[in-house]
Amino acid sequence: MDLLHSSASSSIAVRYFRLHHHRPPSLAPRRRTCFSPVRSSLPSPIREAKYRRELEAAVAVVERACRLCVDVQKSLLSSDGSIVEKNDQTPVTIADFGVQALVSLELGKLFPSIPLVAEEDSGFVRANNLVDSVVSVVTDHASSEDKPLEHDNVLAAIDRGGKNPIVYGTKPATYWVLDPIDGTRGFVRGNKALYVVGLALVVEGEIVLGIMGCPNWPDNVSYTTANEAGNFLSGSGTLVVAHVGCGTWRRELSNALGRSAQVLDGWTRCIVDECHLVPGAKFCLSDSQTWDSLPLSASFSATNDPDSVGNKEILILPTCCGSLCKYLMVASGRASVFILRLKAQRTTKAWDHAVGLLCVHEAGGKVSDWKGEPLDFTADQVERRIIFPSSGILVTNGKLHDRILETIASSSAIV
């Protein structure tokens, strides 16, 4: 049964570990596998880059975060725990909080003067008695020198990114932007959907580096039939890094990707695809939107069957949840376009787009709002948490960008 539909009220919810007086069995202390963080070299164009030290540290912590996600996911899917939900109706697991705490602890230790902007705060952890579980998974994946971890340390690490507003004033600051798990709905479905750990560094309003870790990224994509789309959503995982002016690069994560997982050597340059024509282009859509709701539907029809793409028709790829996996699809050349229409009364969060924007740009693509304006990550002068694109966000291989903007502008569907 789909976990997201298991509650009688059909509200979006997520299973979590049932807590008693002790840690749940799946998170009980156990012999720790001997493991040293893999500190492999960055891609050669980045090794002498300005922010290479920050990027190296960020790569190491995102690797750890991906292992944490895989471990928690395995336990989550085998658990018969209770059902909880966040007030904003988005599903969340202890992995979200664990990743945020882990990243906050590791980067705070190395770069104490750089603040963190992130999604979660500890209030939900406390209210739902998840403190022991979160502390357990963070302790299991933190650097050995950080142990033992106290409850207050972990909760404070979560709140460093999500609870207390950081007032920047009118001058742009240097800060990290983290999405602990982008695509949590996919995370709770196991390896049937993609999810991404996304981390970026913003300096004076410019995104200068970014890392995306996708533990179940497919090794190869074969769009032979629509019925085989699910097979494409499983694989050995990928780690993607980008540095301003140095390109976007990716390498494979181990199939094991467990506590003793090793990262394979070898980086490959990410390049956007070469599609020049909208008909036949491969599109990613928000999982909550349909093609008919977009301005392009007046000019082009759509299909999700790669064998039946006809004239004046585009192909919609199955990518499931979250925005960052769609940015990753475009940056890696597996999709041509990701188009998102913004919903009225909903804010657009910086962490859903920051790292993806840099990865696409450095791979040769382009990102803008629907009026062609760049995304402004300094517009929220108080907390740097919200961006204000006009009408929607368009992510392309660059070659299709102006053509799609023209179609959007000429459509009466745009408000």
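Side chains are part of it too, since the values below use all heavy atoms of this structure and drop only hydrogens, waters and symmetry mates.
- In the model, His353 has a side-chain atom that pairs as donor or acceptor with a side-chain atom of Tyr327 under 3.5 Å.
- Using a cutoff of 4.0 Å between basic side-chain nitrogens and carboxylate oxygens, Glu313 and Lys282 are not scored as salt-bridged.
- Salt bridge present: Asp287 and Lys326 bring a charged side-chain N and a carboxylate O closer than 4.0 Å.
- Asn397 and His276 form no side-chain donor-acceptor contact under 3.5 Å, judged by distance and modelled atom types alone.
- Checked by atom type, the side-chain pair Glu106/Ser143 shows a donor-acceptor distance below 3.5 Å.
- Side-chain contact, Ser297 with Asp292: no donor N or O sits under 3.5 Å from an acceptor N or O.
- Of the N and O atoms on the side chains of Thr238 and Arg250, at least one donor lies less than 3.5 Å from an acceptor on the other residue.
- Closest of all the heavy-atom pairs between Ala65 and Val197 is CB-CG1, 4.0 Å.
- Side-chain atoms of Ser336 and Asp273 form a donor-acceptor pair, as typed in the model, at a separation below 3.5 Å.
- A heavy-atom distance below 4.5 Å is not found between the side chains of Arg160 and Pro115.
- Between the side chains of Thr378 and Asp376, at least one donor-acceptor pair of N or O atoms lies under 3.5 Å.
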### Verdict with supporting geometry, Trp291 and Phe283, ring pair (Phe, Tyr, Trp, His ring centres under 6.0 Å)
CA-CA 10 Å; Trp291 181 252; Phe283 276 65; 5.4 Å; yes

